[in-house]
Every structure is written in C-alpha cells, then in structure tokens.
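Structure first, commentary second.
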Amino acid sequence: MSTLHLLSHSPFGDDRFDSCLRLLGNEDAILLSGEAVQALRASTHPRQCLEQLPEGIALFALEEDVVARAIGSPPTRIKLLDYPGFVTLCVQYDKVNSWL
C-alpha cells in the first residue's frame, strides 16, 4: 500500500523529518511544503538524506514554498508542484499521512 507523506515543518526543528524517512516504504512519496522545503538547501544533512533515498521513492515540493524561501535549485529528482498538482498527487496514493 503506497503512502504520500506530507511534511510542512522545518527538518531542523524536531525529529519529524527523520521519523518520516525511517518509515518510508518502497512505493511511498514525500511532499515538502512550508518550512519543510528547507530540507532542499544545498550542503545540508536533510538534503543529503533525500538524495540517498531509493529511486522508487518519489519526491515532491510545492513550488510556491521553494520560491518564497529562495531555495535556489532543488535536486533534479524533486518534482515541483502547484496546488492543483498537489491535489492530483493526493489521489494517486492509497493513503496520505500528514506529519503534523
């Protein structure tokens, strides 16, 4: 069963990001939004963790949040989405888990 994991909190503030990574299944995906897009900053531990995930795990980020936080160039495997794309993505997975 595939799960879309929604992260919106900074990976530097608590352990939600690391906890999510530990629970990922082979068919899962992560969507970064809000402060969670800080994980895309170059030369950071969270970005290295994302880059080392198996290729089968899809990675997404809300483009609006990436631009608002001046992240620059996210890794090439990150697909940037707008809000309609976010909604479409949610229905493609069996479950959606929001890491509140």
Side-chain angles (χ1 to χ4, degrees):
M1 182 175 294
S2 63
T3 301
L4 174 62
H5 297 269
L6 307 178
L7 290 165
S8 61
H9 293 82
S10 172
F12 305 107
D14 57 37
D15 64 350
R16 282 177 260 218
F17 180 81
D18 292 327
S19 295
C20 174
L21 295 185
R22 282 193 301 275
L23 295 175
L24 288 173
N26 293 333
E27 298 176 2
D28 289 355
I30 297 174
L31 172 67
L32 303 172
S33 65
E35 286 301 308
V37 300
Q38 299 293 351
L40 302 177
R41 292 217 177 266
S43 302
T44 62
H45 179 70
R47 180 165 169 162
Q48 291 171 350
C49 290
L50 291 173
E51 290 173 340
Q52 293 173 359
L53 289 173
E55 288 296 321
I57 296 174
L59 301 174
F60 303 92
L62 282 179
E63 184 173 22
E64 180 178 299
D65 294 331
V66 170
V67 171
R69 286 157 182 84
I71 297 298
S73 298
T76 55
R77 74 179 278 196
I78 299 285
K79 182 173 181 188
L80 299 178
L81 301 175
D82 57 13
Y83 281 100
F86 169 35
V87 173
T88 301
L89 184 67
C90 287
V91 299
Q92 293 175 357
Y93 287 84
D94 299 316
K95 295 185 337 183
V96 177
N97 183 30
S98 182
W99 290 79
L100 298 176

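All values below come from the heavy atoms of this structure, side chains included, with hydrogens, waters and symmetry mates left out.
- Using a 4.5 Å cut-off on side-chain heavy atoms (C-beta onward), Phe12 and Thr44 make contact.
- Within the 4.5 Å cutoff, side-chain heavy atoms of Glu55 are placed close to those of Arg77.
- Although no hydrogens or angles enter the test, the distance criterion places no donor-acceptor pair under 3.5 Å between the side chain of Arg47 and the main chain of Ala39.
- One distance of note links CZ of Phe17 with NE2 of His5; it measures 12.0 Å at 0.5 Å rounding.
- Side-chain contact check for Thr3 versus Val96: every heavy-atom pair is 4.5 Å or farther apart.
- Side chains of Lys79 and Leu89 form no contact here, defined as non-hydrogen atoms less than 4.5 Å apart.
- Qualifying salt bridge (charged side-chain N to carboxylate O under 4.0 Å, His left out) partners for Glu64, counting only residues two or more places apart in sequence or in other chains: none.
- Cluster annotation: Leu4 and Leu24 are assigned to distinct hydrophobic clusters (Ile/Leu/Val/Met/Phe/Trp/Tyr, side-chain heavy-atom contacts under 4.5 Å, transitive).
- Both Phe60 and Tyr83 belong to a single network of hydrophobic side chains, linked directly or stepwise wherever heavy atoms of I, L, V, M, F, W or Y lie under 4.5 Å apart.
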Can you give the donor-acceptor pairs under 3.5 Å from side chains of residues 29-36 to other protein atoms, not counting sequence neighbours?
from  : atom 1 : to    : atom 2 : distance (Å)
Ser33 : OG     : Leu7  : O      : 3.4
Glu35 : OE1    : Gln38 : NE2    : 3.2
Glu35 : OE2    : Arg69 : NE     : 2.7
Glu35 : OE2    : Arg69 : NH2    : 3.3

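- Between atom CG of residue Leu40 and atom OG of residue Ser73 there is a gap of 11.0 Å, rounded to the nearest 0.5 Å.
- By the 4.5 Å heavy-atom criterion applied to side chains, Lys95 and Ser2 are not counted as neighbours.
- Residues His9 and Trp99 bring no donor and acceptor atom of their side chains to less than 3.5 Å of each other.
- Two residues are said to be in side-chain contact when any heavy atoms from C-beta on lie closer than 4.5 Å; Pro84 and Val87 fail this criterion.
- In the displayed structure, Asn26 atom CG is contacted under 6.0 Å by at most 12 heavy atoms of other residues, nucleotides or ligands.
- Contact check for Phe86 versus Leu6: side-chain heavy atoms found under the 4.5 Å cut-off.
- Side-chain contact of Ser19 with Arg22: a donor-acceptor pair under 3.5 Å is present, judged by distance alone.
- Each of Ile71 and Leu62 belongs to its own hydrophobic cluster when Ile, Leu, Val, Met, Phe, Trp and Tyr are linked at side-chain heavy-atom distances under 4.5 angstrom.
- In this structure, CD1 in Ile57 is found 8.0 Å from CG in Leu21, a value given to the nearest 0.5 Å.
- In plain terms, the two heavy atoms of Val37 and Ala61 that are nearest each other are CG1-CB, 4.4 Å.
- The main-chain N or O of Gly85 is found under 3.5 Å from a side-chain atom of Asp82 such that the two form a donor-acceptor pair.
- Two residues are said to be in side-chain contact when any heavy atoms from C-beta on lie closer than 4.5 Å; Leu53 and Leu59 meet this criterion.
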